[in-house]
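First listed ligand is number 1; within each ligand, the first listed atom is number 1.
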Amino acid sequence: MNAFQRRGACPALSTPMQTGDGLLVRLNPVAGGLSPKALIGLSESAARHGNGIMEITARGSIQIRGLTAASAGQLAIEVNALGIVVRTGVPVETGPLAGLDQQEIADPRPLAEAIRAAIAKTDLPSKLGPKVSVVVDGGGAVSLDAVLADIRLVAIPERGSTRWQLSTGGTAITARPQALLDEAGACEAALAILQAVAAKGRESRARDLTHPFTMTSGSAASLSERRHPTDSIPIGILSLVNHASTVGIALPFGSMPAERIAKLCTEAAARGTEEIRPAPQRTLLFMGLTKKVCADLQQAASTFGFVTDVADPRLHIAACPGEPACASGRIATREVAETVASNHAGLLDGSFTLHISGCAKGCAHPATAALTLVGGENGAGLVVDGTAKALPPRYSPRYEAARGLGRVAELADSARHSNETFAASLARLGEAAITDAFARLSTD
Ligand code: SF4
């Protein structure tokens with residue numbers, strides 16, 4: 001297996017991607033979920049062959065890093081032996097509770113299936129780039145609004161039936177609205193857009209199309225009916241249509257030692273879970289339990305260090321596995337993140353993301369963040385309003401990084417006006433004051 005994909009491509013099980021920490025694979029079970037036994041087996045394989053950490057991504061994919069060419073091959077064999085069938089081809093995604101969610105506007109699975117079947121009759125899979133994707137969102141408790149997609153179809157209720165709001169490129173907030181369609185029209189439009197993207201070449205995306213979709217007479221309903229995007233995280237207990245409940249539990253910073261995931265799955269299996277579904281926003285949904293058992297499992301997950309409360313300040317930190325899990329890591333990202341979250345929870349008020357990156361690659365948060373702590377040869381650098389790739393104006397010794405962020409938290413708190421967010425206070429303070437506070441001890 002030496003035809004590994006270039007950076008930026010989608011690293012399926014059969015085509016791992018080269019990273020700063022060996023090879024990485026990302027997998028999505030075809031069935032949507034895994035039995036506890038299969039997820040325990042996968043965790044054990046990840047611990048054996050990877051860097052010992054398992055991740056759930058913002059899209060709800062399972063990710064394993066630190067593989068070699070030989071161990072990636074072995075992992076693929078073991079995934080097969082566990083009976084885990086992974087999705088291949090153009091991703092057409094629905095929410096993890098599609099068809100089971102009490103709050104859902106419409107079941108998105110028939111439309112998603114129609115689009116998959118239409119794609120299967122074409123040569124699109126070989127012509128489209130690996131990142132091109134379609135999201136079919138029936139609404140409900142688990143939001144797909146933050147998931148990037150080339151084509152987004154969102155259910156909108158209309159006089160007892162459903163229309164599908166079509167938009168292209170980006171998240172629910174940034175995508176360009178195109179039309180409101182019935183189910184057949186939505187399928188037809190999705191295929192036409194994918195064909196237009198493919199015609200422009202494998203590097204092309206729907207956002208590159210000047211006129212992605214031309215409205216037909218049947219599609220020109222008012223776009224003022226758009227559903228408002230939400231950024232809800234599926235943490236907590238949710239009621240399902242079949243009178244059962246599910247509990248959403250998040251991985252802190254999107255990753256956990258594989259053996260702790262296996263431990264949680266063992267607890268879940270002992271309480272009767274038959275299926276565990278990876279979900280957006282770095283969560284796992286434990287299906288088919290009573291509310292009481294969900295609460296009991298939440299308690300167990302919390303003692304293992306998982307996130308079980310939407311108010312958990314760790315949800316506002318993006319941290320990669322870092323040192324020692326990742327070979328490129330120059331700071332112990334998770335340790336710093338846990339220390340800041342427990343000592344300075346007030347700073348993490350949800351108004352901004354604190355990014356803690358083991359190195360300049362910035363895997364956990366490629367976008368700009370108000371504060372980015374980044375490990376490098378000179379120690380731990382702090383970037384204000386930039387990415388991990390920017391040159392930090394000031395550094396502190398690695399062992400001082402958490403204390404340095406603590407000083408920034410104290411400064412921002414003391415400068416904060418009443419009812420002001422920390423993001424506003426940091427913006428007012430500016431780069432020089434913030435990085436001075438961060439690096440103070442190292443320059444005194
Ligand atoms: S950003 Fe983090 S996970 Fe990515 S290569 Fe650097 S240390 Fe490793």
Side-chain angles (χ1 to χ4, degrees), residues 4-11 15-27 43 46-47 49-69 71-72 75 131 250-258 260-261 281-282 314-341 353-392 395-402 404-405:
F4 298 132
Q5 289 189 307
R6 65 198 185 283
R7 280 198 66 77
C10 269
T15 49
M17 183 174 81
Q18 191 66 54
T19 71
D21 184 30
L23 296 170
L24 172 152
V25 296
R26 194 174 295 153
L27 50 102
S43 305
H49 303 302
N51 62 6
I53 301 282
M54 279 230 303
E55 297 170 61
I56 306 292
T57 70
R59 289 187 93 87
S61 306
I62 299 169
Q63 203 160 267
I64 299 166
R65 291 173 191 268
L67 298 158
T68 62
S71 66
L75 178 75
K131 283 193 164 182
L251 277 61
F253 324 117
S255 68
M256 256 302 189
R260 253 191 273 178
I261 293 180
Q281 310 279 7
R282 311 171 197 286
R314 292 177 293 176
L315 292 170
H316 306 301
I317 302 180
C320 71
E323 195 186 32
C326 174
S328 295
R330 295 289 169 267
I331 53 172
T333 46
R334 290 184 65 103
E335 210 178 291
V336 174
E338 290 283 358
T339 305
V340 173
T353 297
L354 169 62
H355 180 195
I356 302 182
S357 187
C359 77
K361 286 198 181 68
C363 297
H365 191 78
T368 294
L371 295 177
T372 300
L373 179 78
V374 55
E377 282 180 9
N378 300 332
L382 188 66
V383 175
V384 177
D385 207 15
T387 70
K389 290 189 166 50
L391 188 67
Y395 288 86
S396 94
R398 292 179 183 92
Y399 63 85
E400 267 288 312
L405 285 175

Distance criterion under 2.8 Å: protein N/O/S atoms around atom 6 (Fe) of ligand 1: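 Protein N, O or S neighbours of atom 6 (Fe) of ligand 1 under 2.8 Å, waters not counted, come to 1.
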Short list, please: which atoms of ligand 1 are under 4.0 Å from a heavy atom of P321?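 Once the distances to P321 are compared, the set is 3 (S).
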I want to check something: taking the side chain as every heavy atom from C-beta on, are I53 and R65 in contact at a cut-off of under 4.5 Å?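 No; the side chains remain at least 4.5 Å from each other.
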Please indicate whether E335 has more than 12 foreign heavy atoms, meaning atoms of other residues, nucleotides or ligands, lying under 6.0 Å from its CD.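 Counting neighbours around CD of E335, 12 or fewer heavy atoms of other residues, nucleotides or ligands fall under 6.0 Å, so no.
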Any donor and acceptor pair, going by atom type alone, linking the side chain of R334 with main-chain N or O of E323 inside 3.5 Å?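 Flag not set: sc R334 to bb E323 has no pair under 3.5 Å.
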Tell me every residue that passes side-chain hydrogen bond (donor to acceptor under 3.5 Å, both in side chains) with S71, counting only those two or more places apart in sequence or in another chain.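 With sequence neighbours excluded, S71 shows a side-chain hydrogen bond (donor to acceptor under 3.5 Å, both in side chains) to T68, given in chain and number order.
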Salt bridge or not between R26 and E55? Use side-chain N to carboxylate O under 4.0 Å.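 No salt bridge links R26 with E55.
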How long is the gap from CZ on R282 to OG on S255, to the nearest 0.5 Å?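 With rounding to 0.5 Å, CZ (R282) is 9.0 Å from OG (S255).
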